[in-house]
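Note that the numbering runs from 1 along the sequence shown for the chain. Every number for a ligand or one of its atoms is a count from 1 in the order of the listing.
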Amino acid sequence: MDAAVSLIIPTYNERENIEPLLQRLGHVLSGLNYEVVFIDDNSSDGTAELVSSLADRYPVRVVVRKDKRGLASAVVDGLGQVSGDVIAVMDADLQHPPEVIPSLLNKIKNGADVAVASRYVPGGGCQGWSRTRRLISRGAILLAHLLLPGTRSVKDPMSGFFMFRRHAVAGVPLSPTGFKILLEILMVGRHRAVAEVPFIFVTRERGQSKLSARQQIDYLKHLASLMRRTGEMARFVKFALVGASGVGVNEGMYLLMTRVAGLVDSLDVLAVAIGIEISIITNFILNNYFTFSDRRRRGVKAFFSHLLRFNTVSLAGAGIQLGTFFILTRFIGFEEPYDILANLIGIAVAMMWNFLANNWWTWKPQRN
Ligand code: GDD
Ligand code: MN
C-alpha cells in the first residue's frame, strides 16, 4: 500500500539526531501510514548503519550515495524512492520540529499543492540567530524575490521544510545546485496554490551544521541557473538591447532637431531633453511589447500608468547614474582618464536599477 505521507530526509553525519527524530515523528504521525527515506551521502559517522538497524522499529529506509552531491540533489534522488502522493522534505537535525507536520498536512488537504513551513510569516522565526545571520537570510530572500518574480508570493522560499503533492514535481526536470530545493520546486514545479505555515527554526542541539561559504556561492549559481531556465535571463538581455536602442533614438533625435530642424544654438539643451523623453517612450513601448510582453496589461489606462511608472524609474536611474559618477570621481579618486570608466560604471549601476525596479514595480507580476 502506498504511504499516506512520505518523508524525504537528507543526511550527512547526523547519527546522533536519527533516533530522537524518529521518535518524535512516530508521535506526530501515529495512526498514519507513513514512510521515512533518508538519503545519505556516505556519512562517515555511521548514520546509514544506524538507520538500517532501526528499520524493524520504524518505517524507515536509507539510500546511500557513494559521493557527496549535496542536500538539494539528495532530495531529488529521494523523489524516485518514495511511494506517497503527499511528500514532505525536512532536515534530520531537529531544527525543523516534526510537530509542524500536521499543519502542513492540513494545508495540503485543504487544497494547497505546496505547503511551506515558513520562518517569515507571523508566528515564525529563528532561534538564536545573530543580527548578521538574519541579515544574510533576508538578503538572500530579497535577491530571489527580485530576480525570480515567481517566488515573490512566498515569504520563505529558502525554507528546507515543506510538503507537496507529487503532481507538483511529476515529470518536471529538477536540477538544483546547493541547498535550496524548495526554490527549485517553486520555480519549475507545477503548482497553483502555495500555502505557508509558521514555524520556529530552532537551534541545533547535536551534530554540526554543513552550511559554509560554499553554499552561499552555490546559491548564487542556482539563482543564475533558474534565471536561465525560466527565461528571466533572456528578459534581462532583451532589456539591455532595448536600452541600447534607446541610446540610438536619443542621439538621433538630437541630430534631427539641431541639424535638420535647425534649432538655434541656445535651444540645444531643449533638444537633449526632448531626446531623453522620446527615448524613454520608445524604450517603454519596446519593453512593453517585447521584454515584458507576458506581463503587459491591456487598455489605454494601463498603458499610460505603466508609462508613468517607467518614466519615474528612468529619471531615478538617471539620478543614480549621476550620483555614482559623482561619488567615483569626487570621493574614490577616478581621475582622468578613469572618468570614462566611472561613467560606464554609473551606466551599469543605473541599468541594474532600471531593470530591477521595472521588473518589481512597473511590470509587477499578477498574483496567481
Ligand atoms: N545527503 C546530504 N548531502 N545531506 C546533507 C548534505 C549533503 O551534502 N549537507 C547537509 N545535509 C543534510 C544535513 O545532514 C541536515 O539533515 C540537512 O541537510 C540540513 O543541513 P544543515 O547543515 O543542518 O543546514 P542548515 O541548518 O544550515 O540549513 C538548513 O536551514 C536553511 C535555512 O536557514 C537547510 O534546511 C536549508 O535548506 C535551509 O535553507
Ligand atoms: Mn541545520
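Residue contacts with ligand 1, taken as heavy atom pairs separated by less than 4.0 Å, involve Trp129 solely via side-chain atoms from C-beta onward. The part of Ala74 lying near ligand 1 is the side chain, judged by heavy-atom distances below 4.0 Å. Under 4.0 Å from ligand 1, the heavy atoms of Ile39 that appear belong solely to its backbone. When non-hydrogen atoms are compared, ligand 1 lies under 4.0 Å from neither the backbone nor the side chain of Arg69. Only the side chain of Phe201 comes within contact range of ligand 1, with a heavy atom under 4.0 Å; no backbone atom does.
Note on Leu32: it clusters hydrophobically with Ile101, by side-chain heavy-atom contacts below 4.5 Å among ILVMFWY residues. Hydrophobic clustering keeps Leu104 apart from Val121 (ILVMFWY residues linked when any side-chain heavy atoms are closer than 4.5 Å, directly or through intermediates).
Heavy-atom separations between His96 and ligand 1 include at least one value shorter than 4.0 Å.
For ligand 1, the atoms sitting less than 4.0 Å from at least one non-hydrogen atom of Met158 are 38 (C), 39 (O), numbered in the order shown with element in parentheses. Contact atoms of ligand 1 toward Arg204: 21 (P), 22 (O), 23 (O) (distance under 4.0 Å to a heavy atom of the residue).
Here the shortest heavy-atom distance to atom 35 (O) of ligand 1, taken over Asp40, Asp91, Asp41, belongs to Asp91. Closest heavy-atom approach to atom 31 (C) of ligand 1 among the candidates Lys180, Lys68, Arg65, Arg214: Lys180.
Among protein heavy atoms, the minimum distance from atom 12 (C) of ligand 1 is reached at Pro10 O, 3.5 Å. In this structure, atom 22 (O) of ligand 1 lies nearest to the protein heavy atom Lys210 N, 2.4 Å.
Between Asp93 and ligand 1, a contact under 3.5 Å exists for at least one N or O pair. Here's the thing with Thr11: one of its N/O atoms is less than 3.5 angstrom from an N/O atom of ligand 1.
Other residues, nucleotides and ligands place more than 12 heavy atoms under 6.0 Å from the CZ atom of Arg134.
No side-chain donor-acceptor contact under 3.5 Å links Arg61 to the backbone of Val37. Between the side chain of His191 and the backbone N or O of Ala168, no donor-acceptor pair lies under 3.5 Å. A donor-acceptor contact shorter than 3.5 Å links the side chain of Ser6 to the backbone of Gly84. Under a 3.5 Å cut-off, the side chain of Ser159 and the backbone N or O of Asp156 do not form any donor-acceptor pair.
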Kindly determine whether Phe236 and Met351 satisfy side chain to side chain contact (heavy atoms under 4.5 Å, CB included), including the steps that lead there. CA-CA 10 Å; Phe236 180 72; Met351 193 173 134; 3.8 Å; yes
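Seen from the Mn ion (ligand 2), atom OD2 of Asp93 and atom OE1 of Gln95 lie 90° apart in angle, a value rounded to 10°.
With salt bridges taken as basic N to acidic carboxylate O contacts below 4.0 Å, none links Asp93 and Arg206. Taking a cutoff of 4.0 Å between a charged side-chain nitrogen and a carboxylate oxygen, Glu16 and Arg204 do not qualify as a salt bridge.
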